[in-house]
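Quick notes on the structure that follows.
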Amino acid sequence: MPPLHLLVDTADSAAIRRAAALGYVYGVTTNPTLLRRARLRRSDLDAWVRGVPDPLREIHLQVLSDDPAGMVDEARALHALDPSRVVVKIPATAAGYQAARLLGRQGVPVTVTAVLSVRQAVLAAAVDARYAAVYVGRLPGGRWDLLRRMLAAVQPPRSSLQVLAASVRTVGDMERLAVLGVPALTLPPGLLAALPEVPATREAVRRFRADARHL
């Protein structure tokens with residue numbers, strides 16, 4: 001079984017560099033809201049992508065167009081910014097699935113985003129998307145059962161689609177998603193940085209240091 005992929009959810013360049021330095025972060029995910037918060041415009045994306053540190057293996061960038069042709073054109077331009085790392089985010093709409101199918105045939109990796117139902121995940125697998133980004137915080141009641149059913153619906157060998165859990169806000173949710181077998185998670189910078197912090201571990205290390213002074 002491949003390792004769980006952790007991605008940082010931000011467009012802030014300084015936060016991305018700090019996340020890359022942690023050693024366990026696989027990539028970065030963004031969306032138009034995060035780009036706006038970072039005061040980035042489309043014209044800034046080329047330089048911004050080039051500034052993403054090399055240890056991060058994926059950069060998820062979202063299209064802004066609404067129609068399939070516009071999505072495809074925009075996605076190709078985004079992918080060309082760094083073909084080895086850019087994964088293009090396409091919304092889970094009828095137009096989005098059309099665009100995703102065309103992009104897959106052109107070798108452009110796709111994340112179908114804003115997936116909130118089993119059927120949307122199944123459709124993402126049907127168009128050969130790499131990921132289905134599931135907004136965990138926006139799922140209706142019984143979200144853990146819904147996630148289990150999503151994972152069962154697209155599990156290998158039926159599909160190579162990976163469920164990417166987004167909008168994860170607590171360490172407890174992160175751990176539960178990992179136990180469920182979700183293969184990829186995107187978390188905000190602060191939560192990612194806090195993952196190693198366990199009070200009992202900190203106390204054990206303090207004791208080791210105290211004893212080391214007597215060696």
Side-chain angles (χ1 to χ4, degrees), residues 1-40 45 48-49 51-62 85-89 91-92 109 111-116 120-121 124 129-148 150-151 161-206:
M1 180 179 294
L4 174 66
H5 288 163
L6 299 174
L7 298 92
V8 61
D9 197 30
T10 185
D12 180 84
S13 295
I16 292 169
R17 289 192 294 271
R18 290 193 295 270
L22 293 171
Y24 49 78
V25 178
Y26 186 79
V28 55
T29 58
T30 67
N31 58 45
T33 301
L34 294 174
L35 292 172
R36 178 180 57 80
R37 288 176 185 169
R39 299 182 179 180
L40 292 170
L45 284 179
W48 181 86
V49 167
V52 174
D54 287 338
L56 300 186
R57 297 173 59 183
E58 289 184 349
I59 304 169
H60 293 234
L61 299 174
Q62 187 164 333
R85 294 196 292 172
V86 168
V87 180
V88 181
K89 296 175 70 174
T111 291
V112 174
T113 192
V115 170
L116 298 170
Q120 288 176 315
R130 179 178 294 184
Y131 294 103
V134 179
Y135 290 177
V136 175
R138 300 184 191 180
L139 291 177
R143 58 179 175 162
W144 303 113
D145 180 63
L146 179 53
L147 277 165
R148 288 189 189 93
M150 282 187 188
L151 290 167
L161 180 80
Q162 298 182 63
V163 171
L164 171 62
S167 298
V168 181
R169 293 292 178 260
T170 69
V171 170
D173 281 354
M174 177 269 176
E175 291 182 342
R176 189 161 186 175
L177 289 162
V179 171
L180 279 176
V182 173
L185 307 176
T186 178
L187 298 89
L191 183 56
L192 266 174
L195 292 180
E197 296 301 320
V198 177
T201 300
R202 191 162 53 247
E203 175 59 20
V205 172
R206 186 194 66 76

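Residue indices begin at 1 and follow the sequence shown. All values derive from a computational prediction rather than experimental measurement.
Pairing each heavy atom of A19 with each of V25, the nearest pair is O-CG2, 3.3 Å. Taking every heavy atom of both residues into account, V136 and A165 meet most closely at CG2-CB, 3.7 Å. The shortest non-hydrogen separation linking P183 to L151 is CD-CD2, 4.2 Å. Of all heavy-atom pairs between V115 and A132, the closest is CG2-CB, 4.1 Å. Nearest heavy-atom pair, A92 versus Q120, reported as atom, atom and distance to 0.1 Å: O-NE2, 3.5 Å.
Remark: side-chain polar atoms of Y26 are not paired, donor with acceptor, to backbone N or O of L185 under 3.5 angstrom. Panel note: side chain K89, backbone T30; a donor-acceptor pair is recorded below 3.5 Å. Between the side chain of R85 and the backbone N or O of V52 there is at least one donor-acceptor pair closer than 3.5 Å. At least one donor-acceptor pair under 3.5 Å links the side chain of W48 to the backbone N or O of A11.
Side-chain contact between L195 and L6: present, with at least one pair of heavy atoms (C-beta onward) separated by less than 4.5 Å. Put simply, the side chain of R57 does not reach to within 4.5 Å of the side chain of H5, judged on heavy atoms. Counting heavy atoms from C-beta on, the side chains of L7 and D9 never come closer than 4.5 Å. Using a 4.5 Å heavy-atom threshold, the side chains of M174 and L4 count as touching. Taking the side chain as every heavy atom from C-beta outward, L22 and R18 never approach each other to under 4.5 Å. A 4.5 Å side-chain heavy-atom check between T113 and N31 finds every atom pair outside the cut-off. Contact annotation: the side chain of D173 approaches that of R143 to within less than 4.5 Å [non-hydrogen atoms, C-beta and beyond]. Counting heavy atoms from C-beta outward, L139 and W144 have side chains that stay 4.5 Å or more apart.
Between L187 atom CG and L192 atom CG the span is 4.5 Å, to the nearest 0.5 Å. The distance from atom CE of M150 to atom CG of D145, rounded to the nearest 0.5 Å, is 10.5 Å. Taking OG1 from T170 and CG from L191, the interatomic distance works out to 7.0 Å, rounded to the nearest 0.5 Å.
Each of V88, V49, T29 was evaluated against L61; a single residue qualifies, V49, per the side-chain contact (heavy atoms from CB on, under 4.5 Å) test.
Relative orientation of the Y131 and H60 rings is tilted, given thresholds of 30° and 60° on the angle between their planes.
The neighbour count for R39 CZ, taken as heavy atoms of other residues, nucleotides or ligands under 6.0 Å away, does not exceed 12.
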Start with the C-alpha gap between R148 and L180, add the side-chain angles, then the distance that decides, and say whether side-chain contact (heavy atoms from CB on, under 4.5 Å) holds.
-> CA-CA 7 Å; R148 288 189 189 93; L180 279 176; 3.4 Å; yes

